[in-house]
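In the text below, chain A, chain B and the rest are named by the order of the sequence lines, each starting its count at 1. Keep in mind it's a predicted model, so treat the numbers as computed, not measured.
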Protein chains: 2
Amino acid sequence: MELGTATQLITRLIILWLLSERPLHGYRIKRILADVALRHWFPIETGSIYSVLKTLAAAGLVETEIVEREGQRPERTQFRITQAGREHYRELLRRAWTEVGRSSESFHLALAARSDLDESEIPELLAIRVKSLRQRISELEMASNSAPALAMVEHSRALTLADLTWTESELEKLNNRGATTSDI
Amino acid sequence: MELGTATQLITRLIILWLLSERPLHGYRIKRILADVALRHWFPIETGSIYSVLKTLAAAGLVETEIVEREGQRPERTQFRITQAGREHYRELLRRAWTEVGRSSESFHLALAARSDLDESEIPELLAIRVKSLRQRISELEMASNSAPALAMVEHSRALTLADLTWTESELEKLNNRGATTSDI
DNA sequence: GATTGATTAGTCAATCTTGACTATAATGGA
DNA sequence: TCCATTATAGTCAAGATTGACTAATCAATC
């Protein structure tokens with residue numbers, strides 16, 4: 001079975017990841033993913049959960065386990081990962097380990113289109129970016145550090161730091177240039 | 001006017017970016033974006049171009065300039081950015097400069113779900129990742145270096161290098177551990 | 001002048017994604 | 001006891017995205 005977009009890959013991967021541990025119903029998945037720690041890393045909308053479950057079921061990667069109800073609560077459909085699902089999941093995981101994402105960042109467009117804003121705006125904008133990056137880093141430092149999360153956090157921190165370094169040096173270049181031009 | 005997904009933001013931004021320079025028709029945009037250098041950074045599918053143009057037109061950010069034909073070729077609808085479109089464009093650019101993307105990477109899931117693959121697979125997978133990252137870096141080094149592209153390339157290179165460093169150190173940790181365990 | 005292949009300009013059905021909304025049940029407080 | 005609030009479990013219409021496909025023209029070759 002083929003996958004479409006990058007979004008789709010990650011969404012399926014997340015659902016399969018949760019189901020690989022134990023059978024779950026849609027709403028439970030929704031609640032698990034709503035947890036602050038997870039939502040931050042893997043944001044998925046409510047609708048997508050059910051949509052993806054449906055697709056996975058159609059592909060035989062997941063199957064309806066039971067339709068049960070607790071007390072007079074609404075019915076809920078529990079899903080269980082199949083053998084095929086487990087194999088697919090592990091295959092997706094291998095790809096996730098090896099493939100380097102080609103995320104098209106809007107910041108890159110900003111750089112390419114630099115001349116479309118007043119050059120005088122750029123230092124302020126970069127300063128805001130620096131602030132955002134610092135904020136992100138401090139968030140990461142306070143992040144929960146259970147063992148598996150730790151690697152994620154550290155990887156993310158390393159990349160964000162590199163971004164910060166780059167951005168700061170760009171900003172400094174501008175400030176120096178600005179200083180020399182106006183001081184002479 | 002509000003924007004939905006991150007995908008949507010970048011797609012609109014790209015189209016507005018191209019239109020900010022001169023009026024274009026859909027197919028021309030398609031060809032411009034099909035160029036290797038651009039496709040690499042900002043991949044957009046054919047269908048999305050026309051879809052986004054339609055949305056932008058409905059929002060008054062873009063207007064149909066002329067429907068012309070060259071010789072007996074099919075008609076083509078040319079679009080021109082409006083004043084509102086220019087303002088929106090510049091606003092999106094400011095956001096692109098300042099906002100730090102929260103891209104949900106599947107590699108992070110791979111790290112979180114590390115125990116779902118055999119630990120013995122991990123070194124090979126990391127080695128492949130290292131190779132992919134090296135490849136990406138050498139691609140970036142050969143990349144076209146017109147002035148606006150340069151900043152993009154350097155930023156990307158800095159982040160990819162940080163990723164490489166992180167991944168290599170992770171791999172080395174594993175190799176050392178493997179060596180000591182099996183050598184004693 | 002016929003055939004083949006590339007180019008042009010875009011369409012559209014299938015699929016995916018979003019998030020506001022529904023309908024019921026349990027809970028807490030006055 | 002009654003009412004408001006929150007929790008449960010999901011639906012669905014509206015919008016976004018994909019990419020294979022169409023239908024015509026032009027260019028080159030046989």
Whole Å only: how far is the [atom1] atom of [X] from the [atom2] atom of [N]?
{"X": "A:L33", "N": "D:dA9", "atom1": "CG", "atom2": "C1'", "result": "15 Å"}
{"X": "A:I49", "N": "C:dT18", "atom1": "CD1", "atom2": "P", "result": "11 Å"}
{"X": "B:L53", "N": "C:dA9", "atom1": "CG", "atom2": "C1'", "result": "13 Å"}
{"X": "A:I14", "N": "C:dT17", "atom1": "CD1", "atom2": "C1'", "result": "14 Å"}
{"X": "B:I44", "N": "D:dA16", "atom1": "CD1", "atom2": "P", "result": "14 Å"}
{"X": "A:R76", "N": "D:dA7", "atom1": "CZ", "atom2": "P", "result": "16 Å"}
{"X": "B:R39", "N": "D:dG19", "atom1": "CZ", "atom2": "C1'", "result": "15 Å"}
{"X": "B:I15", "N": "D:dA16", "atom1": "CD1", "atom2": "P", "result": "13 Å"}

Atom pairs, protein N/O to nucleotides 11-16 of chain C N/O, distance under 3.5 Å:
residue: C:dC16; atom: OP1; partner: A:Q8; partner atom: OE1; Å: 3.4

- Note on the structure: Per the under-4.0 Å heavy-atom filter, residues of residues 22-30 of chain B near DNA chain C come out as B:H25, B:G26, B:Y27, B:K30
Distance-only criterion, 3.5 Å: show the donor-acceptor pairs between side-chain atoms of residues 149-161 of chain A and protein atoms not counting sequence neighbours.
residue: A:H155; atom: ND1; partner: B:H108; partner atom: NE2; Å: 3.0
residue: A:H155; atom: NE2; partner: B:D163; partner atom: OD1; Å: 2.9
residue: A:R157; atom: NE; partner: A:E141; partner atom: OE2; Å: 2.8
residue: A:R157; atom: NH2; partner: A:E141; partner atom: OE2; Å: 2.9
residue: A:T160; atom: OG1; partner: A:S156; partner atom: O; Å: 2.7

- Under-4.0 Å salt bridge between B:E87 and B:R90: no
- Task: Please determine if A:E170 and A:K173 form a salt bridge, counting it only when a charged side-chain N lies under 4.0 Å from a carboxylate O.
- Result: yes
[X]: side-chain contact (heavy atoms from CB on, under 4.5 Å) partners, not counting sequence neighbours:
{"X": "B:Y27", "value": "B:H25, B:K30, B:R31, B:Y50"}
{"X": "B:R134", "value": "B:V130, B:L164, B:E168"}
{"X": "B:T64", "value": "B:V67, B:T77, B:F79"}
{"X": "A:V100", "value": "B:S132, B:L133, B:R136"}

- Task: Would you please name every residue forming a side-chain hydrogen bond (donor to acceptor under 3.5 Å, both in side chains) with A:E119, sequence neighbours left out?
- Result: A:R114
- Among C:dT17, D:dT18, C:dA9, the nucleotide that comes nearest once only the side chain of B:R31 is considered: C:dA9
- Item | A:S48 side chain, from C-beta outward: closest of C:dA9, D:dT18, C:dT18 | C:dT18
Donor-acceptor pairs under 3.5 angstrom involving side-chain atoms of residues 34-42 of chain B: please list them, not counting sequence neighbours.
residue: B:D35; atom: OD1; partner: B:A37; partner atom: N; Å: 3.0
residue: B:R39; atom: NH1; partner: B:A34; partner atom: O; Å: 3.3
residue: B:H40; atom: NE2; partner: A:R102; partner atom: NH1; Å: 2.4

